[in-house]
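Here the structure comes first, spelled out in structure tokens, and everything after it is commentary.
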Amino acid sequence: MKSQVRAVINATLDALKAKGLIAFAQLPNYSVEVPKQAEHGDWSCNVAMVMSKAVGKKPPELAELIISNLADASGLITSISKAGPGFLNLKLKDSAFQQVALDVLKAGESWGRAAPQSTGKKVMVEFVSANPTGPVHIGHARGTFMGDAIARLMDAAGHEVTREFYINDFGNQVDTLGRTVFKRYQQLFGVKVELAEGEYPADYVIDIAKTWKAEVGDAYLNQPESAWLPKAKAVAIRENLNAIKATLAKANIAHDVFFSEASLHDSGKVRAIVDVYKDRGVTYEAAEGRRREKGDKVRDAESKAAQYADRQKGGTFLMTATYQENGKYVLKDEEDRVILRHDGTPVYLTADLAYHKEKFDRGFDLAVDVFGADHAGHVPRIQSGMKLLGYDETRLKFVLVQMVRILRGGEEVKLSKRSGNVYELADLIEDAGADVCRFIFLMKTANAQFDFDLDDVKRQSKDNPVFYFQYGHARCASILKKAEEKGTRFVGATALTPAQLARLVLPEEKAMLKKMSLLGEVVASAAEKLEPHHVLYYCQELIADFHSYYTQYKSDPIISDDAEKTQGRLALVAALKQTLKSAFAILGISAPEYMESPPEE
RNA sequence: GCGCCCGUAGCUCAGCUGGAUAGAGCAUCGGCCUUCUAAGCCGAGGGUCGUGGGUUCGAGUCCCGCCGGGCGCACCA
């Protein structure tokens, strides 16, 4: 509907240009919006204000020109007026609204979605990427749901999407995990060993040791570390990944690819990327990384840099900060970063650079990384690293998910891995339900922190906003079902007659149809911005409109003795149901056909 | 000290590339079930959009300073 309005405006502008009344090189980037005030018409347009300067006419004057020369061959616009500082307020013929219901019903499940893979773009969304040293906990929850929703959005926007999980199965942490597993394994045979500081005390490690014992018996009990460590690690990673996958499945999330960091080392790609950088002349050997700004590093004595200063012995540095083009710094990092330690071993960053190179080499047009805000410092390094390889860094985007404070009865819940007491995502889903969890984390933008109270989530079952949404869909389903019971089954889009459709004339009905017509645009915009919450707020508005309409017209109900009007209104209900179902699918929440009334308190 | 993010109703948060009288949910108060589910609807109160400047026809939105909060500034992953 909006595009029809736009077409008329564009045609008018072209006509004005042809008549020599105005001059412009290109059609301007103006907006056609739903006005906040209903009295302002069905749509409003700011084109006269936007073009004002370029054409050298005052907004009201230009607005008058457009109105008096409107090129509306099909009679779409029934009224157009100038208002305020130069807005154009438009009203459209009823059939333009009614057509939306048909459009929705004909599109069915694809309503609101671009044709699958129609953009021809390959998009990777990397999310979760929790260390395989333990279960997914609620600290991961926000990024997990956010990443999945972004992937769903990208898919709906017509991209070919790959969901990927980067497994940090290399380095100290998994080695420590392997050693912990071995100690637990020894304990199962009665060997007296104590866990050291930094090892993993949680019970799941004991379970892993039991599994291992069941598989290999005492085969590794008296072997040297070089023999048992790889095995213990492998078992631990395998078991943890299985647990992670099971948790994600409960959250209705399935990754397409689990990409192993260790495999990058094994295949030599980590070494290879160092050589690439060396060949490009963007590395140097030094004891300390150079900084872009002159002057001493200002670091708190408490900082980890100071704490671990003795580990920083120098090595090969990548010019993530000091690389210059035409005598100017072009990268954002503040200090060059080590990619090989003094002993020649690569660091985490080195592998991650190799991984991101891999993303580009695998042909992704866009790679989205969903990170926790505590990894924000990592972003400029990867961006710099990709630019130093000559890649277009705009093909890489980061969504930084801010911290969530988890409260229980007003008290903050600390996520302590040390004690082994973690509140797992699986527990949260068990307690609150997958839809509720997902909804809570998608309700807000990623880049704002928020608090959420576990008690509220559980107790709130009745007032929880997700039920409001789902009830909107269930109410549509219920009405359609009721119509069937009363013998006035909705005839469907193809059998619907123009006369039936023409009975949709109420302002509330037209407002809903207008809003429904916008789903595709909302999805496209949310996908572009990597912000799923726009879809959610869109649903909220649509559902509120519907509940209000439903209540307001109880005395003039949807299902009435007037068969023609009933069919028209059922078309609206069916279209709304489909619109909500499509939107819910993009968010990943379920669209129930029926909901029980909640138990009375 | 430096960098990134945030500051909008009592609370939790929306506010699209700057647009007309700043919104929703929760909470509070007052109404609405013999009709298609009251997990709903209607109404009321509640705001110097942290603060001070600037940019322009027009600023919650853009720029700068300041105040307050979070995260980061290890060759750990």
Side-chain angles (χ1 to χ4, degrees), chain A residues 29 31 33 35-37 40 44 46 49-50 52 58-59 83-87 89 131 133 168 170-174 261 289 293 297-300 303-309 311-315 317 332 334-335 337-342 345-349 351-352 372-380 400 402-403 405 443-445 447-453 456 460-465 467-468 470-472 474-475 478-483 485-486 521-522 525-526 529 531 533-534 536-537 540-541 544 547-552 554-555 557-560 573 594-598:
Chain A
N29 189 18
S31 70
E33 296 179 332
K36 285 176 194 164
Q37 312 293 320
H40 291 150
S44 73
N46 68 352
M49 291 181 287
V50 172
S52 170
K58 295 198 163 159
F87 286 103
N89 289 339
N131 283 345
T133 52
N168 300 132
F170 184 90
N172 293 336
Q173 293 182 2
V174 283
E261 180 187 357
E293 305 298 332
K297 296 181 193 177
V298 180
R299 274 179 186 159
D300 199 87
S303 79
K304 287 166 183 167
Q307 211 173 320
Y308 296 102
R311 290 193 198 169
Q312 299 168 36
K313 296 176 184 170
F317 285 84
K332 285 181 189 154
E334 49 190 27
E335 181 177 343
R337 303 292 163 181
V338 151
I339 52 172
L340 291 180
R341 297 186 183 94
H342 71 285
T345 55
V347 299
Y348 174 77
L349 175 65
D352 213 16
D374 53 342
H375 286 64
H378 204 56
V379 170
L400 291 176
Q402 293 293 322
M403 298 291 113
R405 280 207 318 164
M443 220 163 22
K444 293 136 217 261
T445 51
N447 61 5
Q449 308 148 228
F450 81 103
D451 295 352
F452 106 90
D453 197 312
D456 283 354
Q460 245 187 15
S461 57
K462 180 177 168 174
D463 297 323
N464 204 299
F467 296 118
Y468 180 85
Q470 296 183 319
Y471 181 52
R475 177 168 259 180
S478 172
I479 291 167
L480 291 167
K481 192 171 168 227
K482 189 64 130 191
E485 288 166 13
K486 290 190 174 179
E521 197 175 316
V522 170
S525 158
K529 288 183 283 198
E531 292 178 344
H533 73 273
H534 293 295
L536 194 147
Y537 281 89
Q540 144 77 30
E541 284 180 26
H547 283 314
S548 176
Y549 164 76
Y550 174 92
T551 308
Q552 191 180 338
K554 266 197 168 172
S555 56
I558 293 164
I559 303 165
S560 66
V573 173
Y594 182 77
M595 289 172 76
E596 291 287 344
S597 286

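Note on naming: letters A, B, ... go to the chains in the order of the sequence lines (proteins, then strands), and numbering restarts at 1 for each one.
- When heavy atoms are screened at a 4.0 angstrom cut-off, A:His534 is found touching the sugar-phosphate backbone but no base atom.
- The side chain of A:Glu334 approaches B:G3 more closely than any other nucleotide in the set B:U17, B:G3, B:C16.
- Using a 4.0 Å heavy-atom criterion, one finds that A:Tyr594 contacts the bases of the nucleic acid, with or without backbone contacts as well.
- When heavy atoms are screened at a 4.0 angstrom cut-off, A:Lys529 is found touching the sugar-phosphate backbone but no base atom.
- Residue-level contact check: A:Tyr537 touches the backbone only, with heavy atoms under 4.0 Å from sugar-phosphate atoms and none from bases.
- Taken from CG in A:Asp352 to CD1 in A:Ile339, the straight-line distance is 13.0 Å, to the nearest 0.5 Å.
- The aromatic rings of A:His547 and A:Tyr471 sit parallel to each other, their planes meeting at less than 30°, with 60° as the upper class boundary.
- Between A:His40 and A:Phe87 the shortest side-chain heavy-atom distance does not fall below 4.5 Å.
- In a base pair of the Watson-Crick type (N1 to N3 plus N6-O4 or O6-N4) or a G-U wobble (N1-O2 and O6-N3), with each distance short of 3.5 Å, B:C26 is matched with B:G10.
- Heavy atoms of A:Ala474 sit under 4.0 angstrom from at least one base atom.
- For B:C16, the O4'-C1' to base torsion is more than 90° from 0; the nucleotide is therefore anti.
- Look at B:G3: its Watson-Crick or wobble partner, with both distances under 3.5 angstrom, is B:C71.
- Closest approach of A:Leu400 and A:Ala376 over heavy atoms only: CD1-CB, 3.8 Å.
- In this structure B:C66 sits in a base pair with B:G50, meeting the Watson-Crick or G-U test at under 3.5 Å.
- Residue A:Lys486 has its side chain nearest to B:C36 when only B:A77, B:G19, B:C36 are considered.
- Using a 4.0 Å heavy-atom criterion, one finds that A:Gln540 contacts the sugar-phosphate atoms exclusively.
- Counting any heavy atom pair closer than 4.0 Å across all strands shown, A:Ser44 reaches a base atom.
- At the heavy-atom level, A:Ser548 lies under 4.0 Å from the strands shown only through sugar-phosphate atoms.
- Considering NE2 of A:His378 and CZ of A:Arg337, their distance stands at 10.0 Å, rounded to 0.5 Å.
- From A:Thr445, atom OG1 reaches atom CD of A:Gln402 across 9.0 Å, with rounding to the nearest 0.5 Å.
- B:A14 has no base stacking with the ring of A:His533 when judged by centroids under 5.5 angstrom apart and an interplanar angle below 30°.
- Residue whose closest nucleotide on RNA chain B sits further toward the 5' end, between A:Asn447 and A:Lys444: A:Asn447.
- Contact annotation for A:Glu33: base contact, defined as any heavy-atom pair under 4.0 Å involving a base atom.
- Residue contacts for A:Lys481: at a heavy-atom cut-off of 4.0 Å it reaches no nucleic acid atom on any strand shown.
- Counting any heavy atom pair closer than 4.0 Å across all strands shown, A:Tyr468 reaches sugar-phosphate atoms only and no base atom.
- In this structure, B:C16 forms no base pair with any nucleotide, since neither Watson-Crick nor G-U wobble geometry is met with both distances under 3.5 Å.
- Heavy atoms of A:Gly372 sit nowhere under 4.0 angstrom from any nucleic acid atom.
- Using a 4.5 Å heavy-atom cutoff, the side chains of A:Asn168 and A:Tyr348 are in contact.
- Base pairing of B:A59 is not made with any nucleotide, judged by Watson-Crick or G-U wobble geometry with both donor-acceptor distances under 3.5 Å.
- Among the heavy atoms of the strands lying under 4.0 Å from A:Ala373 are primed sugar atoms or P, OP1, OP2 only; no base atom is included.
- Residue A:Thr345 is classed as having no contact, given no heavy-atom separation below 4.0 Å to the nucleic acid.
- We find that CE of A:Met403 is positioned 8 Å from P of B:C71, with the value rounded to whole Å.
- At the phosphate of B:C73, neither OP1 nor OP2 sits under 4.0 Å from any side-chain N or O atom of A:Arg337.
- Closest contact between the side chain of A:Glu531 and the listed nucleotides B:A77, B:G15, B:C36 involves B:G15.
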